[in-house]
Number of protein chains: 2
Amino acid sequence: MPAPPSHQYKHPHPAVAVDLVIFTLQDDALQVLLIERGLEPFQGQWALPGGFVRINEGLEAAAERELREETGLSQNYLEQIGAFGHPDRDPRERVISVAFYAIVSADKVALQAGSDARRVAWRPWRDLPALAFDHREIIHAGRSRLVEKMHRTTIALEFLPSEFTLTELQRVFESVQGDSVDKRNFRKWAESLSFIRPTGKMRRGGQHRPAALYRANAKALLPIPNAATETKTAAVESARKAEQASAYRKGYEDALAAMHRSFTESEKALLRSINSR
Amino acid sequence: MPAPPSHQYKHPHPAVAVDLVIFTLQDDALQVLLIERGLEPFQGQWALPGGFVRINEGLEAAAERELREETGLSQNYLEQIGAFGHPDRDPRERVISVAFYAIVSADKVALQAGSDARRVAWRPWRDLPALAFDHREIIHAGRSRLVEKMHRTTIALEFLPSEFTLTELQRVFESVQGDSVDKRNFRKWAESLSFIRPTGKMRRGGQHRPAALYRANAKALLPIPNAATETKTAAVESARKAEQASAYRKGYEDALAAMHRSFTESEKALLRSINSR
DNA sequence: CCAAAAGTGTTCAATCTACACCCATGG
DNA sequence: CCATGGGTGTAGATTGAACACTTTTGG
């Protein structure tokens with residue numbers, strides 16, 4: 001039985017969309033950006049922002065486009081959660097959604113309803129309204145990824161401006177994992193990190209002792225990322241710039257995390273002393 | 001500017017495929033099932049088994065179908081790696097591939113070329129031939145997931161028959177992570193696991209001391225999985241049975257792993273003493 | 001008796017956890 | 001001067017890594 005010669009695949013194609021779980025930190029709580037749908041199906045219900053993938057657009061590119069349309073931001077942390085494809089998750093037609101999560105800083109975003117949304121709002125992930133489609137499931141999957149990743153990498157810094165205090169960083173951890181951590185232990189751990197350093201500056205404010213400002217210093221670790229490009233030997237040379245930058249960044253973070261894990265305390269101390277020269 | 005009323009999304013749809021990274025253990029090495037393509041594009045090159053998703057078929061269902069077609073097996077461990085969607089990863093047309101990895105026992109599979117494959121073969125993941133599409137990248141992503149998951153969950157057991165010796169289990173770890181581990185430390189660790197227990201039976205063979213046989217005992221930990229279903233409160237009630245079973249199983253394993261992590265040594269000892277009654 | 005794999009304990013270093021008080025500032 | 005958040009050290013438990021020899025079997 002000869003195989004059909006159809007390179008032009010003739011079965012009906014499903015639609016492919018991207019959905020975005022956009023996380024931010026507000027009021028010391030992890031919040032998710034939701035839109036109130038202006039159109040059927042699920043009109044009037046809350047949902048994740050998202051949209052269909054254009055026929056010549058990469059998945060990450062589509063996610064970045066949606067993020068930009070929704071928040072006006074680009075150059076943010078963006079990572080794929082996975083594909084969600086139950087046959088009837090969308091009542092219109094078969095839609096397979098590739099979900100991403102992003103991290104943005106709430107104060108940089110001016111929320112504004114778009115053409116397909118009545119309202120846009122941040123909602124704490126612990127207190128979500130009824131959601132359209134399988135979006136609750138997607139948000140939960142996204143948060144699991146986020147929590148896990150936060151312990152292995154530096155993405156916690158994505159929630160903060162470039163200069164931050166240790167207390168602010170601690171708040172990020174507490175808010176994301178929904179649990180409090182010991183201040184002294186946290187600071188000890190933070191000091192052991194090779195990729196954040198005090199700037200020498202202070203943040204004054206409130207009626208209390210001023211706090212030292214820190215800054216991420218990727219520079220000192222730059223030689224490492226090459227190791228992470230090993231996975232990139234693959235075909236697909238024509239990937240979009242943005243996708244490459246994003247992939248590079250992730251590889252970098254992973255390599256950094258791996259490196260960090262594999263260092264002993266004494267090596268870290270050595271590294272720190274080198275960095276601070 | 002009113003939004004277009006098009007519920008019938010009119011842009012061209014991409015094709016959606018599933019690709020499978022089927023892992024097995026053979027000759028003490030982690031191997032991947034590859035097929036030699038009988039059709040263009042990439043005719044004559046090695047590639048992952050896979051195929052297009054049918055219009056009313058869930059993603060996991062499609063992956064299971066492909067696994068069954070390729071190996072004759074069902075009821076295997078199957079987990080999504082993610083979506084791969086560079087616009088030109090397939091020269092024919094836009095194809096978005098959702099990749100899964102599966103774990104099978106090599107001796108249960110009778111390799112047999114199908115209609116679209118000239119040959120089928122196991123290939124060690126460290127020594128892959130040139131691969132079609134972005135399949136090398138997919139395999140690497142799959143292995144990373146596998147290695148990480150093996151440390152957090154019980155999937156190592158998926159490579160083994162229901163009764164196994166500790167040395168066999170150790171071989172799984174060594175083969176998958178491509179690195180040797182200390183026998184005594186490994187056995188200490190294995191003993192601390194609450195989900196495997198000696199059966200009292202022995203495996204005799206070879207001219208050496210017989211080895212104690214172990215078996216996974218999920219039973220003792222059954223109350224836990226309910227906690228993991230919390231994520232399932234979502235919509236999408238009509239999911240296929242197989243997908244549900246699979247999701248349940250993953251939730252179970254994750255919960256088990258989380259539980260295991262959070263136990264102290266003394267609690268584990270207590271648990272073991274209870275289990276062995 | 002020999003080859004081959006099964007089985008077993010201890011020590012040391014690193015890491016994690018718990019825990020309570022003094023410090024600098026603004027009002 | 002006082003309220004507020006910033007900042008610090010230590011001891012005990014747990015974990016992870018390194019390391020060598022005895023036991024049981026089949027041939």
Side-chain angles (χ1 to χ4, degrees), chain A residues 27-28 151-152 160 163-175 177 179-194 196-214 257-272, chain B residues 28 150-152 160 163-175 177 179-194 196-214 257-272:
Chain A
D27 308 328
D28 284 343
H151 287 281
R152 291 183 297 120
L160 295 172
E163 296 199 329
F164 52 89
T165 68
L166 290 186
T167 303
E168 286 163 351
L169 186 57
Q170 184 178 349
R171 290 255 168 73
V172 173
F173 274 81
E174 290 178 330
S175 307
Q177 66 184 76
D179 202 7
S180 62
V181 306
D182 182 274
K183 183 165 55 151
R184 279 169 293 189
N185 291 335
F186 179 81
R187 293 171 101 91
K188 240 178 301 172
W189 176 79
E191 269 163 37
S192 83
L193 299 177
S194 46
I196 64 173
R197 292 172 52 192
T199 60
K201 287 188 271 184
M202 293 279 161
R203 170 167 300 161
R204 322 182 83 87
Q207 37 194 309
H208 54 78
R209 182 171 174 174
L213 284 171
Y214 285 71
M259 185 176 135
H260 187 252
R261 268 199 310 279
S262 65
F263 271 145
T264 63
E265 273 308 314
S266 52
E267 287 168 319
K268 280 185 218 163
L270 180 64
L271 194 69
R272 255 174 288 143
Chain B
D28 283 344
M150 200 176 53
H151 288 280
R152 292 183 298 118
L160 296 171
E163 296 199 329
F164 52 89
T165 68
L166 291 185
T167 303
E168 286 163 352
L169 185 58
Q170 184 178 348
R171 290 254 167 73
V172 175
F173 274 80
E174 290 178 331
S175 308
Q177 66 185 75
D179 202 9
S180 62
V181 305
D182 182 275
K183 184 165 58 151
R184 277 169 294 187
N185 290 337
F186 179 82
R187 292 172 102 93
K188 240 178 298 172
W189 176 78
E191 269 164 36
S192 83
L193 299 176
S194 44
I196 65 173
R197 292 173 53 190
T199 61
K201 285 188 271 184
M202 293 279 163
R203 169 167 301 162
R204 324 182 82 86
Q207 40 194 302
H208 54 78
R209 182 168 175 176
L213 284 170
Y214 284 72
M259 185 175 137
H260 187 252
R261 267 199 310 281
S262 66
F263 270 145
T264 64
E265 274 307 315
S266 52
E267 286 167 320
K268 280 184 216 163
L270 181 64
L271 193 69
R272 254 174 290 141

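Order of the sequence lines fixes the chain letters, A, B, ..., with proteins taken first and strands second; residue numbering starts at 1 for each chain.
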J.: For A:Phe164, enumerate each residue passing the ring pair (Phe, Tyr, Trp, His ring centres under 6.0 Å) test, keeping only those at least two apart in sequence or located in another chain.
T.: none
J.: My understanding is that only residues two or more places apart in sequence, or in another chain, count here; which of them pass side-chain contact (heavy atoms from CB on, under 4.5 Å) with B:Asp179?
T.: B:Gln177
J.: Please tell me which of the listed nucleotides, C:dT8, D:dT8, C:dA18, lies nearest to the side chain of B:Arg187?
T.: C:dT8
J.: Tell me, with the steps shown, if B:Thr167 and B:Arg187 meet side chain to side chain contact (heavy atoms under 4.5 Å, CB included).
T.: CA-CA 9 Å; B:Thr167 303; B:Arg187 292 172 102 93; 3.6 Å; yes
J.: Could you tell me how far apart A:Leu213 (CG) and D:dG6 (P) are, to the nearest whole angstrom?
T.: 12 Å
J.: Show which side-chain atoms of residues 200-214 of chain B pair as donor or acceptor with protein atoms under 3.5 Å away, not counting sequence neighbours.
T.:
unit_1	atom_1	unit_2	atom_2	d
B:Lys201	NZ	B:Glu163	OE1	3.3
B:Lys201	NZ	B:Glu163	OE2	3.1
B:Arg203	NH1	B:Glu168	OE1	3.2
B:Arg203	NH1	B:Glu168	OE2	2.2

J.: Taking CZ from B:Phe186 and C1' from D:dT15, how many angstroms apart are they, rounded to a whole number?
T.: 17 Å
J.: Please report, rounded to the nearest Å, how far the P atom of D:dG7 is from the CD atom of A:Glu168.
T.: 11 Å
J.: Name all residues meeting the salt bridge (Lys or Arg N to Asp or Glu O under 4.0 Å) criterion together with A:Arg171; count only those two or more places apart in sequence or in a different chain, and write none if there are none.
T.: A:Asp28
J.: Is there a donor and acceptor pair closer than 3.5 Å between the side chain of B:Lys188 and the base of C:dT10?
T.: yes
J.: Heavy-atom contacts under 4.0 Å between residues 198-211 of chain A and DNA chain D, which residues?
T.: A:Gln207, A:His208, A:Arg209, A:Pro210, A:Ala211
J.: With sequence neighbours left out, write down each residue that passes side-chain contact (heavy atoms from CB on, under 4.5 Å) with A:Asp27, or none if nothing qualifies.
T.: A:Gln31
J.: Would you mind reading off the distance between A:Glu191 atom CD and D:dG6 atom C1', rounded to a whole angstrom?
T.: 13 Å
J.: Tell me the interatomic distance from A:Asn185, atom CG, to D:dA11, atom P, rounded to whole angstroms.
T.: 15 Å
J.: Just N and O in the side chain of B:Thr167: are any of them under 4.0 Å from OP1 or OP2 of C:dA6?
T.: yes
J.: Rounding to a whole Å, what distance do you find between B:Asp182:CG and D:dA20:P?
T.: 10 Å
